[in-house]
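Each ligand, and each atom within it, is numbered from 1 in the order the structure gives.
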Amino acid sequence: MIALACDQGGFELMGVVRAHLDSKNILYKDFGTFSPDSCHYPEIAVPAAKAIVSGECDKGIFICGTGIGMSIAANKVPGIRAALCTNEYMADMARAHNDANVLALGGRVLKSDCAIAIVDTFLKTAFSGQDRHIHRVGLLNAADRSNEE
Ligand code: RB5
């Protein structure tokens, strides 16, 4: 289950992403926004991010105008590793090295075909499981835990 979150800046691209996921029978839970009207990206990103941490969703695709606001908001939630990607290489590395669980995209930055290629790479790429990357992701998780204390 993929958590989807966008603001007005990502609304149009999210429609393209949603249609692509539908075409591949990939299930998602849509946290909005549901209209092109102005809204506040943290109010949409945080509930969607919490659904990933709780296990209700496996990963997320979060889109705002640049992807910056959505990635910052998502990364405020302990357990989230959100990666703002502008090409397939970044999406590949975000999964293989960082075990990223949220892909952040810029709806006003990327062309649709490029965004879909990034989504496909993010969804198909597994974490490498290499010792050094397990250790580094563990350090990120430890930082989350220390911030909660
Ligand atoms: C909205 O205008 C814009 O600020 C938002 O979509 C995003 O780009 C923020 O980072």
Side-chain angles (χ1 to χ4, degrees), residues 1-127 133 136-137 139-148:
M1 181 74 74
I2 308 296
L4 301 183
C6 71
D7 72 357
Q8 73 277 11
F11 184 73
E12 191 176 334
L13 180 58
M14 186 58 89
V16 175
V17 168
R18 211 184 299 108
H20 182 67
L21 297 179
D22 285 338
S23 77
K24 299 184 94 176
N25 294 317
I26 295 172
L27 298 179
Y28 53 81
K29 179 168 179 176
D30 196 345
F31 288 83
T33 186
F34 301 106
S35 90
D37 298 339
S38 181
C39 62
H40 307 301
Y41 57 81
E43 293 179 345
I44 297 164
V46 170
K50 286 183 175 174
I52 297 166
V53 175
S54 75
E56 181 186 3
C57 296
D58 313 299
K59 293 188 181 78
I61 300 171
F62 292 14
I63 312 178
C64 61
T66 57
I68 295 170
M70 278 291 181
S71 59
I72 292 172
N75 277 318
K76 296 288 181 192
V77 177
I80 291 297
R81 292 176 300 282
L84 173 55
C85 297
T86 57
N87 59 46
E88 289 173 73
Y89 175 73
M90 292 175 77
D92 187 44
M93 290 296 102
R95 290 289 309 126
H97 287 189
N98 310 111
D99 199 15
N101 48 13
V102 170
L103 170 65
L105 299 173
R108 294 173 179 155
V109 176
L110 298 170
K111 294 195 184 321
S112 295
D113 57 346
C114 177
I116 294 304
I118 292 169
V119 165
D120 283 343
T121 298
F122 183 81
L123 294 181
K124 79 175 183 209
T125 306
F127 179 51
H133 296 304
R136 291 164 188 166
V137 172
L139 292 172
L140 293 174
N141 293 336
D144 272 344
R145 285 194 297 275
S146 71
N147 286 331
E148 283 179 316

Worksheet item: What's the spacing between Arg108 CZ and Glu12 CD if we round to 0.5 Å?
Response: 10.0 Å
Item to complete: Establish whether atom 4 (O) of ligand 1 and some protein heavy atom are separated by less than 4.0 angstrom.
Response: no
Worksheet entry | Value rounded to 0.5 Å, distance of CE in Met14 from CD1 in Ile61 | 6.5 Å
Worksheet, complete the sentence: ligand 1 atoms nearer than 4.0 angstrom to some heavy atom of Arg108 are 1 (C), 2 (O)
Discussion item. Using a 3.5 Å distance criterion without hydrogens, assess whether the side chain of Asp92 forms a donor-acceptor pair with backbone atoms of Glu88.
Written reply: no
Worksheet item: So which heavy atom in the protein is nearest atom 9 (C) of ligand 1, and how far is it from that ligand atom?
Response: Tyr41 CE2, 3.6 Å
Fill in: Nearest-0.5 Å distance that lies between atom OG in Ser71 and atom CD1 in Ile63
12.5 Å
Worksheet entry | Numbering as shown, the atoms of ligand 1 that approach Gln8 to under 4.0 Å (heavy-atom distance) | 1 (C), 2 (O)
Discussion item. Please check whether Gly69 reaches ligand 1 - meaning an N/O of the residue sits under 3.5 Å from an N/O of the ligand, judged on distance alone.
Written reply: yes
Worksheet item: In Å and rounded to the nearest 0.5 Å, what is the CE to CG distance from Met70 to Leu105?
Response: 11.0 Å
Item to complete: From atom 8 (O) of ligand 1, work out which of Ile72, Leu84, Ile68, Thr66 has a heavy atom at the shortest distance.
Response: Thr66
Discussion item. Test side chain to side chain contact (heavy atoms under 4.5 Å, CB included) on Ile2 and Leu27; report intermediate values, then the result.
Written reply: CA-CA 6 Å; Ile2 308 296; Leu27 298 179; over 6 Å; no
Worksheet item: Backbone or side chain, does any N or O of Gly65 fall under 3.5 Å from an N or O of ligand 1?
Response: yes
Item to complete: Please confirm whether Met70 comes under 4.0 Å of ligand 1, counting heavy atoms of the residue only.
Response: no
Item to complete: Give a yes or no answer on whether the side chain of Asp7 reaches the backbone of His40 with a donor-acceptor pair at less than 3.5 Å.
Response: no
Worksheet item: Heavy atom under 4.0 Å from ligand 1: found in Asp7's side chain, backbone, both, or neither?
Response: side chain
